[in-house]
Structure formats: structure tokens, C-alpha cells
Number of protein chains: 2
Amino acid sequence: MTIQLAVDIVIFSLLDTSLRVLLIKRGIPPFKGRMAIPGGFVHHNESLERAALRELKEETGVHDVFLEQLYSFGEPRRDPRGRVVSVAYYALIPGDRKLKAGSDAAVAGWFPVNKLPPLAFDHRRIVAYARERLRNKLEYTSVGFQLLPRKFSLPELQAVYETILDKDLDKRNFRKKMDLLGILKPLNEWRSTGRKPARLYTFVGKGFEQFKDKGILFPF
Amino acid sequence: MTIQLAVDIVIFSLLDTSLRVLLIKRGIPPFKGRMAIPGGFVHHNESLERAALRELKEETGVHDVFLEQLYSFGEPRRDPRGRVVSVAYYALIPGDRKLKAGSDAAVAGWFPVNKLPPLAFDHRRIVAYARERLRNKLEYTSVGFQLLPRKFSLPELQAVYETILDKDLDKRNFRKKMDLLGILKPLNEWRSTGRKPARLYTFVGKGFEQFKDKGILFPF
DNA sequence: ACAAAAGTGTTCGATATACACCCATGT
DNA sequence: ACATGGGTGTATATCGAACACTTTTGT
């Protein structure tokens, strides 16, 4: 008869230049056998963010990644078990991070966000909301760098933007913009994966908030 | 021992060209006698938004105003009574709306957001968060119009922007921008409050979402 | 007549956009 | 040698920022 509180996490990563979401397969009713985003109930002495971090770690083994509260979903009938309000978070994991394999037996894998299977509860809506937030934030913050390893090439960075914004960007304009922003430090390292080696950079923005003032960062 | 779920609402209005927040005086512990933003527990069969609307109506008598979910605050010790997670909303009320007087005995009044008294719980933080969100949204959405009556003059509209952004704007650039956006319909009415009468306009934007695509709307 | 607020255009600088060729490497 | 993807500059259009005077009304 009481309201229960859960957290659910949309975990994004970039694999094979496609934006993906980590899904698990539910082993118990309701929606047994359906795919779902990871989540669970909030413990009594745990903040919402800690609960989200706990779930994130349980499913992926990582703990030091971008995590942000998304929205709280509280329609009375969203969970057939009873009244469950879910505080949704989303996380960004660099594509090169090796996750602990089978960290949780329930992990089903990484699904392209454009081709999701049927999901349990209102999880489709939650993922859609997260995707929208990610797209928006990409344009005026530095979230894009959260999906890349510490060292990355400009073509890789551009691919992140193109994938999330779902449109092609002009190479020269992209580089000019990055140059103008002054948030990339060129390294004396080159990645020779493919043909001509690409120079590597690191992100040197001093954080997130700094960018807000500047207005839109990436209005391609 | 269970987690309780509440909604709290930051209700903004614009009075005497100052941005204000509706506060109530708490009649019972904890924080008895302290000021607080309106709020209350979510009923069992009520969505989060409905709970917020209910609180809004109880305190102000209005129900047809802008209301948006803000963030969920869930630190374990934010409420001394026990574990209470609060889903915060914010609402915008046109400055000319007459609220039902003494609608709730607890209503204390409209306080300038820059000069708030000590608040109960973590309400100061919630208000700060709402203020920040309002400032940001003002720049790329049409929230500004939610604080004005249906008919308004351009100087009034500009005052909304100046108040919330807390900086002076150039009259000519402001009008040029509004003109360019094409979201104002001039009326054949003038408001003669003061010296030279000001022409009245209405907002004719077809909604909110429409603007997102256009990117930033008001980067003064 | 004077004070107060409404209304009106132009110039300049910054930034977004469009666009094509050469270079370094692996095969 | 050639195919593949990395790397580079310029010209134009759009938009934001700065800036001063005239008009209308109430007193």
C-alpha cells in the first residue's frame, strides 16, 4: 500500500559508431523474459545517486563515469506490482572500457538505441527521454568526451557528434570549432589504426559548468 | 522504515519587476515557524504531476499554469522525520493573476528570490536550482511568456527577461529579435499606464517544442 | 514646457556554413 | 600504384552587439 522508490539507469556507450544502451533480460515477473534497463529499489540509507551508482557498478563494474539524474517517472500504473516511482539516471561509458564480463548474469548486452527490442515497463519512454537529453547536452556541454577514452583522435570525436546528433558534420568546420574552443590538447602521439595515423588529443576543459556561460558550444 | 515520497513546488511570479517565490510558514514541526516552499506527500493513486498540481491549487487556487518537473532530491537526512524523497517542480504564474486570498492559512507570501529568509529542509537549494533552470530555459524556450498576462507590451516582456537574466538588454536589439522570431502578434490595443501608451501583443508560438529545433532563441 | 517612457535603423564584428584538394599510410 | 581516411583554408551569409534620437503622453 505504500509507494516504493526505484532507480533505473540508461547506460550509453558507443560501439562500432553506433549509440548503444545496456539492457538486461528480466529473470522474474513482471515482464519476465523482457528486456529492461538496469535498475532496482533504493535502499533506506542510500541517496538516489548512490543507488544509481550501485546499480551501475553491479551491472558494468565501472563506477567512475558520467552519471546524471534524468527525470522521475511516477505514473500510478507504470509497474503492475504496485506503486513504484522510478528516478531515472543516465550514464555515459567510454567505448573502450572493458566491462567485467558476466558481471551480472542478467546482462543481455548493448543494443543500438535506434533498434531496441520491446522493453519492460515504461522503459522505452525513459530511453527516449535520455536520448533526447543526451542530444541536447551534447550541443552546449562537454558530455561528448565522456564517451571517448582519455586519448582520442579528432575523427573519433567527430564520429561521436555525428552519431548522437544523427547527421553529418563538416570536417573542417568541426576542427575549426574545436580549435576555437581551446579545450583540446594535442599530444605527440598518433593512432595508426587504419591508414594514415590520426593525431591524439586529450580534453582539457576544466569541467562542465564553465561552458554554460558561453552559450551553445556546438551549433553545427 | 519505508521511504516516503513528497512533491515540493517552487512557484515563481513577477511582482513589481522582481522575481518572487511563494513561501508558506510551517505550522508544525519539523522546522515549525520556518518558511518553506509548498509541498506535501504524494497520494497513492496520484501521479507526481497530479500531486504537484494539487499542491499548487491548494496554495494558489490556480491550476492552468506552466508546471514542470525540476529534479528529485533524495539525500537520506534531508528530512529529520525520516526518509523523505522529494520530487521538486516549479511553476510560473502570470503577475496579474489574482490568487485566492488566504487560500491556505499557511501562505506567507511572495518573497524576492534574491532575498529569501531561512528556509526549512533543503528548500534553499531547491529554489536555487529552480532559479537556474528558469534562467536557462528563458534563453531557448518561451517560458518567459508564462509570467505575463495574455496581453502584454514589449517593455513588459523585456522587463521579464531583464529580471530573470539579471542584466540590462538593449531595447532595439530585443525588439528586433522578437520581430525576427515572429512569435508576437501586435494588437490594436495600447496600454496607457504611465506616459506614452505601449502597444500590446499576444504570444502566438505554437508551443514549446517547436523552439527546440531552432536552437537558442534569446542569446542577448 | 518639460519629464518619462515608447518607439525606431544602421554599422561592425563574430561566428556558422559551404566547399576541394593534398598527404601519409597499408595493401 | 592505388585506395583509404587524415588533414588543411577561404569566402559568404547570418546573427549578435553597440549605439542616439524622435515621438507621445501626463503633469
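So that the names make sense, note that chain A is the first sequence line, chain B the second, and so on, each numbered from 1.
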For this session: Looking only at side-chain atoms of B:Lys196, point me to the closest of C:dA24, C:dA6, D:dA17.
Result: C:dA6
Exercise. Between A:Arg20 (side chain) and A:Ser13 (backbone), is there a donor-acceptor pair under 3.5 Å?
Worked result: no
Exercise. Do B:Ser72 and A:Ser72 have side-chain N/O donor and acceptor atoms under 3.5 Å apart?
Worked result: yes
Problem set entry | Distance in angstrom units between A:Asn173 CG and C:dA20 C1', rounded | 13 Å
For this session: Compute the centroid of each ring, for B:Tyr90 and then for B:Phe66, and state whether the two points are separated by less than 6.0 Å.
Result: yes
Exercise. Ignoring hydrogens and geometry, is there a side-chain-to-backbone donor-acceptor pair from B:Arg131 to B:Ile164 under 3.5 Å?
Worked result: yes
Problem set entry | Atom pair distance, as rounded to whole Å: CD in B:Gln158 and C1' in C:dA5 | 12 Å
Exercise. OP1 or OP2 of D:dG16 sitting under 4.0 Å from any side-chain N/O of B:Lys177?
Worked result: yes
Exercise. Which part of the nucleic acid does A:Arg175 contact within heavy-atom distance under 4.0 Å: base, sugar-phosphate only, or nothing?
Worked result: base
Exercise. Within this structure, what is the NZ-to-C1' distance between B:Lys171 and C:dA4, rounded to whole angstrom?
Worked result: 10 Å
For this session: Specify the residue among B:Glu156 and B:Asp170 whose closest nucleotide of DNA chain C lies further upstream toward the 5′ end.
Result: B:Glu156
Exercise. Which whole-number value in Å describes the distance from A:Asp179 CG to D:dG9 P?
Worked result: 11 Å
Exercise. In whole angstroms, how far is the P atom of C:dG7 from the CG atom of B:Leu154?
Worked result: 7 Å
Exercise. Could you give the CZ-to-C1' distance, from A:Phe174 to D:dG6, as a whole number of Å?
Worked result: 14 Å
Problem set entry | Value in whole Å for how far the P atom of C:dC12 lies from NZ of B:Lys176 | 14 Å
For this session: Just compare C:dT8, C:dA24, D:dA18 and give me whichever is closest to any side-chain atom of B:Arg172.
Result: C:dT8
Problem set entry | Interatomic distance where CH2 belongs to B:Trp190 and C1' belongs to D:dG26 [whole Å] | 19 Å
Seminar exercise, completed: Closest of D:dT8, D:dT23, D:dG5 to the A:Arg195 side chain is D:dG5
For this session: Counting heavy atoms from C-beta on, name the nucleotide in C:dG7, D:dA11, D:dG7 closest to the side chain of A:Arg199.
Result: D:dG7
For this session: Would you check if the distance from the ring center of A:Phe152 to the ring center of A:Tyr201 is below 6.0 Å?
Result: no
